[in-house]
Amino acid sequence: MTLNVAIMGGTGYAGGELLRLLLSHPETEVTQVTSRSRAGKFVHTAHPNLRKRTQLKFVAPDQLEHVDVLFAAMPHGASAPQVEQLLELGSLVVDLGADFRLRNPADYETWYRWTHPHADLISGTIYGMPELHRDEIRSARYIASPGCTATASILGLVPLVRAGVVDLSKPIIIDAKTGSSGAGAEHSASSHHPERSGVIRPFKPSGHRHSAEIIQELTVDGCAPDIAFGVSSVEAVRGILATSYVSLNAPLADKDLWKIYRGMYGQEPFIRLVKEASGIHRFPEPKILSGTNYCDIGWDLDASGERLVVMAAIDNLMKGAAGQAVQAVNIRLGFDETLGLDFAGLHPI
């Protein structure tokens with residue numbers, strides 16, 4: 001049976017990617033896409049790549065009717081105040097914002113500087129990272145889709161932390177580089193072309209709010225890692241490369257790392273281990289992931305065997321947003337996990 005789907009916040013880049021994916025998904029029919037500013041206009045006026053793919057028009061949010069699946073692709077802080085309404089509108093709600101990603105309500109005050117208006121509902125939501133929470137997703141009513149830089153960082157590091165090979169007495173340093181689409185569709189002084197073009201600009205060298213998700217998901221048996229996480233903007237539209245520097249608690253060989261990563265990700269449909277002996281694509285590279293739901297992970301081991309560099313690459317709008325959200329819905333509804341997400345990318349691009 002085809003499922004009725006609606007997207008709240010359909011004019012943004014993540015909303016556009018959701019629409020692109022769901023229009024080709026064999027089990028879904030997009031019936032409503034909201035926008036306050038563009039209500040009554042065709043959705044292709046915001047997403048020109050969808051010309052002749054759909055004749056849908058944007059509707060105002062207050063015109064939404066109940067659907068099987070509601071995707072909320074709204075700015076951070078927008079979904080929490082209206083969460084009860086979202087739960088009335090959708091039998092399943094998938095929230096691409098940050099409002100329900102953190103398990104501890106106090107963390108919102110620390111990292112987002114606001115008091116959560118519905119802290120009582122946090123325990124009923126699921127962090128929507130399939131590789132870590134697949135079983136919980138299967139019965140979820142409200143899925144909180146992870147942040148983009150958090151997704152790349154967590155996926156690159158969690159096998160090592162769970163294997164117990166990381167020296168947690170020393171900080172894990174994560175340097176993430178991101179393209180301009182991560183800042184959203186709204187323009188600003190920093191996204192103005194003369195200012196953005198050619199940059200390698202530190203965006204948030206410390207205190208980035210995605211640190212909270214990384215710490216949360218890398219905490220094992222109550223032991224939280226010390227994370228030093230910074231983000232820089234680079235001249236690319238799509239893509240994130242999270243490069244992490246890890247101290248090991250004992251020397252390891254390369255074969256040990258292959259065993260650890262294959263042990264956790266060997267059966268994962270959207271994780272690829274990328275560590276070639278030669279060629280220009282020896283390590284993960286965001287560019288060739290554009291439009292795909294893959295996370296490519298590689299590493300380089302110091303000669304001492306005690307220090308490790310981990311690299312994880314994703315398309316921030318796909319595995320970092322819309323693609324991961326659709327993957328979670330596939331799991332929740334019992335579909336093939338890869339349904340609608342089989343695009344292999346382009347090369348060259």
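Small disclaimer: the values here were computed from a predicted structure and weren't measured.
The hydrophobic cluster containing F270 does not contain M264, counting ILVMFWY residues as joined when their side-chain heavy atoms lie under 4.5 angstrom apart, directly or transitively. When hydrophobic clusters are built by joining Ile, Leu, Val, Met, Phe, Trp and Tyr residues whose side-chain heavy atoms come closer than 4.5 Å, directly or via intermediates, V220 is grouped together with Y265. I154 and W111 end up in the same hydrophobic cluster when Ile, Leu, Val, Met, Phe, Trp and Tyr side chains are linked at under 4.5 Å. Under the 4.5 Å side-chain heavy-atom criterion for grouping Ile, Leu, Val, Met, Phe, Trp and Tyr, V326 is connected to L56 within one hydrophobic cluster. The hydrophobic cluster containing V165 also contains L218, counting ILVMFWY residues as joined when their side-chain heavy atoms lie under 4.5 angstrom apart, directly or transitively.
Here ring pair (Phe, Tyr, Trp, His ring centres under 6.0 Å) pairs that include residues 211-242, with residues two or more places apart or in two chains, are H208-F229.
Atom OG1 in T34 sits 8.5 Å away from atom CG in L70 (nearest 0.5 Å). Taking CD1 of I174 as the start and OG of S244 as the end, the distance is 4.5 Å to the nearest 0.5 Å. Atom OG1 in T54 sits 11.5 Å away from atom CG in L22 (nearest 0.5 Å). Distance check: L257 CG to L301 CG gives 5.5 Å after rounding to the nearest 0.5 Å. Note: M74 CE to L96 CG = 10.0 Å, rounded to the nearest 0.5 Å. With values rounded to the nearest 0.5 angstrom, Y294 atom OH is found 11.0 Å from I271 atom CD1.
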Test H118 against E84 for side chain to side chain contact (heavy atoms under 4.5 Å, CB included), laying out the working first. CA-CA 9 Å; H118 286 285; E84 293 173 324; 3.7 Å; yes
Any chance you could lay out the side chain to side chain contact (heavy atoms under 4.5 Å, CB included) test for L333 and E27, step after step, and finish with the verdict? CA-CA 10 Å; L333 299 176; E27 301 289 347; over 6 Å; no
Between L341 and N330, is a side chain to side chain contact (heavy atoms under 4.5 Å, CB included) present by the stated rule, with each step listed? CA-CA 10 Å; L341 298 169; N330 284 340; 4.2 Å; yes
Start with the C-alpha distance between L102 and H116, add both sets of side-chain angles, then the distance that settles side chain to side chain contact (heavy atoms under 4.5 Å, CB included), and finish with yes or no. CA-CA 11 Å; L102 307 182; H116 202 290; over 6 Å; no
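Within the 4.5 Å cutoff, the side chain of M311 has no heavy atoms near those of the E285 side chain. Within the 4.5 Å cutoff, side-chain heavy atoms of I240 are placed close to those of T178. Side-chain atoms of M318 and T292, non-hydrogen and from C-beta on, never get closer than 4.5 Å to each other. When side chains are defined from C-beta on, D256 does not count as touching K259, because their heavy atoms never get closer than 4.5 Å. Looking at R272 and P284, their side chains never come closer than 4.5 Å, going by heavy atoms from C-beta outward. K177 places none of its side-chain heavy atoms less than 4.5 Å from the side chain of P286. Side chains of R53 and L19 form no contact here, defined as non-hydrogen atoms less than 4.5 Å apart. Counting heavy atoms from C-beta on, the side chains of Q327 and E337 come closer than 4.5 Å.
For the pair S290 (side chain) and K287 (backbone), a donor-acceptor distance under 3.5 Å is present. Looking at N249, its side chain never comes within 3.5 Å of a backbone N or O of L168 through a donor-acceptor pair. Formation of a donor-acceptor pair under 3.5 Å by the E195 side chain with backbone atoms of H192 is not found in this model. In this structure, the side chain of Q32 engages the main chain of E65 through a donor-acceptor pair within 3.5 Å. At least one donor-acceptor pair under 3.5 Å links the side chain of Y261 to the backbone N or O of G156. In this structure a side-chain-to-backbone donor-acceptor pair under 3.5 Å is present from R103 to F100. Without hydrogens or angle criteria, Q324 side chain to S145 main chain gives no donor-acceptor distance under 3.5 Å. N316 places no side-chain N or O within 3.5 Å of a backbone atom of T149 that could act as its donor or acceptor partner. In this structure, the side chain of D302 engages the main chain of S304 through a donor-acceptor pair within 3.5 Å. Side-chain atoms of Y108 come within 3.5 Å of backbone N or O of D99 as a donor-acceptor pair.
Under a cut-off of 6.0 angstrom, the local environment of CZ in R36 is sparse, with at most 12 non-hydrogen atoms contributed by other residues, nucleotides or ligands. By the 6.0 Å contact criterion, NZ on K204 is open, its count of non-hydrogen atoms from other residues, nucleotides or ligands being 12 or less. Around the CZ atom of R307, the shell of radius 6.0 Å holds no more than 12 heavy atoms that belong to other residues, nucleotides or ligands.
Of the charged side-chain nitrogens involved, none lies within less than 4.0 Å of a carboxylate oxygen, so that E217 and R101 do not count as a salt-bridged pair. In this structure, R238 pairs ionically with E17, as a charged nitrogen and a carboxylate oxygen lie closer than 4.0 Å. In this structure, R138 pairs ionically with D135, as a charged nitrogen and a carboxylate oxygen lie closer than 4.0 Å.
Exactly one of Q216, H133, E213 qualifies for a side-chain hydrogen bond (donor to acceptor under 3.5 Å, both in side chains) with Y127. That residue is E213.
Taking each heavy atom of F42 and F58 in turn, the nearest pair found is O-CE1, 3.7 Å. Between L317 and A14, the shortest heavy-atom contact is CD2-N, 4.3 Å.
In this pair, H25 and F335 present their aromatic rings tilted. The plane angle is within the 30 to 60° band.
When hydrophobic side chains of Ile, Leu, Val, Met, Phe, Trp and Tyr are connected at separations under 4.5 Å, L346 ends up clustered with F343, I349.
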